[in-house]
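Step one of this worksheet: look at the structure below.
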2 protein chains.
Amino acid sequence: MSRSPTIAFAALADPTRLGIVDLLARRGELPAGDISTAFTSSASAISQHLKVLREAGLVSVTRRAQQRIYRLDTASMAEVEGWLSDRARQWNGRLDAMAAYIEKTRQETHDGE
Amino acid sequence: MSRSPTIAFAALADPTRLGIVDLLARRGELPAGDISTAFTSSASAISQHLKVLREAGLVSVTRRAQQRIYRLDTASMAEVEGWLSDRARQWNGRLDAMAAYIEKTRQETHDGE
DNA sequence: CACTTAATTAAGTGAAGTCTAAAATATACA
DNA sequence: TGTATATTTTAGACTTCACTTAATTAAGTG
């Protein structure tokens with residue numbers, strides 16, 4: 001757990017991989033073959049994409065006979081979300097502080113400061 | 001607004017650009033020069049990174065004399081967050097449905113079904 | 001206008017990413 | 001053991017990305 005967020009962002013930066021994440025969210029856990037048939041890319045290309053998603057911690061795998069069953073790892077997705085919301089919160093906090101300062105200044109001016 | 005999320009993810013997939021987003025969250029709006037001095041990369045490299053962030057809608061710019069003042073666009077960050085939380089919610093909903101099904105099946109079995 | 005400061009754009013280069021085709025690995029089953 | 005199925009790994013071609021240096025644009029100042 002807890003890799004640098006750039007790795008997760010890089011994993012999501014490809015349209016096919018984003019499509020795989022979307023597919024797994026909609027359809028639940030799936031074997032690599034079923035994921036492969038949902039896209040025009042070859043089984044090999046999909047396998048390589050799955051490796052990137054795996055290494056980013058965004059999906060996990062288990063074995064069932066010859067199949068590899070993939071599923072979403074929502075914990076790591078939550079980490080990425082958390083990174084974004086922390087920054088947005090910081091920035092919005094700044095905006096609020098600035099608004100409060102302006103309001104305070106305005107009132108003091110009205111008091112004849 | 002509302003570009004494909006891959007563009008935003010690709011913009012966040014580089015450590016320098018992620019650092020710029022983090023810097024703007026912590027320090028508020030900044031001219032390109034101040035951003036540049038916070039990193040080891042050249043002004044040119046930073047300018048190119050800022051262009052990528054701009055085109056992804058993650059930052060916005062205004063002019064002040066020769067300076068270009070950059071700030072975070074939290075609306076587009078919220079869109080990215082939303083994409084992730086929608087998928088996580090879908091997947092977790094599936095898990096809940098499966099747990100409910102297992103529980104129901106277990107009870108019926110105990111009833112002698 | 002010439003000069004300085006701030007930043008971007010252009011051109012070229014090396015590294016990283018994505019794809020295809022072929023070979024390799026893993027598991028089941030006759 | 002030999003064969004079929006499911007998937008991954010490897011190797012190589014092609015593309016895209018991030019950087020550097022040099023040139024360019026934009027705006028203020030003597």
Side-chain angles (χ1 to χ4, degrees), chain A residues 3-24 27-73 80, chain B residues 3-24 27-73 80:
Chain A
R3 294 162 186 75
S4 160
T6 41
I7 296 171
F9 284 124
L12 296 166
D14 176 89
T16 303
R17 286 195 296 267
L18 208 61
I20 292 173
V21 169
D22 186 54
L23 182 72
L24 289 174
R27 305 255 312 268
E29 53 182 32
L30 288 174
D34 286 15
I35 296 169
S36 182
T37 54
F39 296 90
T40 53
S41 317
S42 69
S44 171
I46 295 296
S47 178
Q48 289 170 70
H49 281 308
L50 287 169
K51 185 179 188 179
V52 174
L53 290 170
R54 227 159 52 218
E55 287 174 350
L58 291 164
V59 303
S60 62
V61 201
T62 49
R63 301 182 168 200
R64 187 163 71 202
Q66 307 102 310
Q67 295 184 319
R68 297 295 177 275
I69 313 295
Y70 283 87
R71 66 189 61 75
L72 237 44
D73 184 335
V80 175
Chain B
R3 294 163 185 75
S4 161
T6 40
I7 296 171
F9 285 124
L12 296 166
D14 176 90
T16 303
R17 286 196 295 265
L18 209 60
I20 292 172
V21 170
D22 186 53
L23 181 72
L24 289 173
R27 305 255 312 269
E29 54 181 31
L30 289 174
D34 285 16
I35 296 169
S36 182
T37 54
F39 297 91
T40 53
S41 316
S42 68
S44 170
I46 295 296
S47 178
Q48 290 170 66
H49 282 308
L50 288 170
K51 185 179 188 179
V52 173
L53 290 170
R54 228 159 49 218
E55 287 173 351
L58 292 163
V59 303
S60 61
V61 199
T62 48
R63 301 183 169 200
R64 189 163 70 202
Q66 306 103 310
Q67 294 183 322
R68 299 293 178 276
I69 312 297
Y70 284 86
R71 68 189 58 74
L72 237 46
D73 184 334
V80 175

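Note on naming: letters A, B, ... go to the chains in the order of the sequence lines (proteins, then strands), and numbering restarts at 1 for each one. All figures in this text were calculated on a predicted structure; none of them were measured in a lab.
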Nucleotide D:dT9, atom P - distance to CD1 of A:Ile46 in whole Å
15 Å
Expressed as a whole number of angstroms, how long is the span from A:Ile69:CD1 to D:dT8:P?
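Between P of D:dT8 and CD1 of A:Ile69: 10 Å.
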State which of D:dT20, C:dA6, D:dT10 makes the closest approach to the side chain of A:Gln48.
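Closest of the options to the side chain of A:Gln48: D:dT10.
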Taking the side chain of B:Arg54 as heavy atoms from C-beta outward, which of C:dT9, D:dT20, D:dT9 is closest to it?
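That would be C:dT9.
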Least distance between heavy atoms, A:Ala11 atom then A:Arg17 atom:
O-NE, 2.7 Å
Search all heavy atoms of A:Arg54 against all heavy atoms of A:Val61 and return the closest pair with its distance.
CD-CG2, 3.2 Å
Closest nucleotide of DNA chain D for A:Gln67 versus for A:Lys51: which of these residues is on the 5' side?
A:Gln67
Does any part of the side chain of B:Ile46, heavy atoms only, come nearer than 4.5 Å to the side chain of B:Thr16, both counted from C-beta?
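Yes, close enough: below the 4.5 Å cut-off.
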Do B:Lys51 and B:Ser47 come close enough that some side-chain heavy atom pair is under 4.5 Å?
no
Is A:His49 close enough to C:dC19 that one of its side-chain N or O atoms is under 4.0 Å from OP1 or OP2 there?
yes
D:dA6 OP1/OP2 closer than 4.0 Å to side-chain N/O of A:Tyr70
no
Go through residues 31-44 of chain A and report each residue with a non-hydrogen atom lying under 4.0 Å from DNA chain D, sorted by number.
A:Pro31, A:Ala32, A:Gly33, A:Ala43, A:Ser44
So, A:Ser4 side chain and A:Ile7 main chain: donor-acceptor pair closer than 3.5 Å or not?
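No; judged by distance alone, with no hydrogens or angles, the pair does not exist.
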So for the helix from C:dC1-D:dG30 to C:dA30-D:dT1, with five pairs setting each end axis, what is the inter-axis angle to 10°?
10°
Quick one: [atom1] on [X] to [atom2] on [Y], what's the gap to the nearest 0.5 Å?
{"X": "B:Arg68", "Y": "B:Ser60", "atom1": "CZ", "atom2": "OG", "result": "13.5 Å"}
{"X": "B:Thr62", "Y": "B:Glu29", "atom1": "OG1", "atom2": "CD", "result": "6.5 Å"}
{"X": "B:Ile20", "Y": "B:Leu72", "atom1": "CD1", "atom2": "CG", "result": "11.0 Å"}
{"X": "B:Phe39", "Y": "B:Leu23", "atom1": "CZ", "atom2": "CG", "result": "5.5 Å"}
{"X": "A:Leu18", "Y": "A:His49", "atom1": "CG", "atom2": "NE2", "result": "11.5 Å"}

What string of B, S and - do you get for nucleotides 23-30 of chain C 5' to 3' if you count protein non-hydrogen atoms under 4.0 Å?
---SBS--
Going by number, which of residues 7-20 of chain A have a non-hydrogen atom under 4.0 Å from DNA chain C?
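DNA chain C contact set from residues 7-20 of chain A: A:Asp14, A:Arg17.
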Working note: B:Ile35 + B:Leu24, criterion side chain to side chain contact (heavy atoms under 4.5 Å, CB included); need CA distance, chi angles, decisive distance, verdict.
CA-CA 8 Å; B:Ile35 296 169; B:Leu24 289 173; 4.1 Å; yes
With sequence neighbours left out, write down each residue that passes salt bridge (charged side-chain N to carboxylate O under 4.0 Å, His left out) with A:Asp22, or none if nothing qualifies.
A:Arg26, B:Arg87
Holding to side chain to side chain donor-acceptor pair (under 3.5 Å), I want the full list of residues that pass it with B:Arg27, two or more places apart in sequence or in another chain.
none
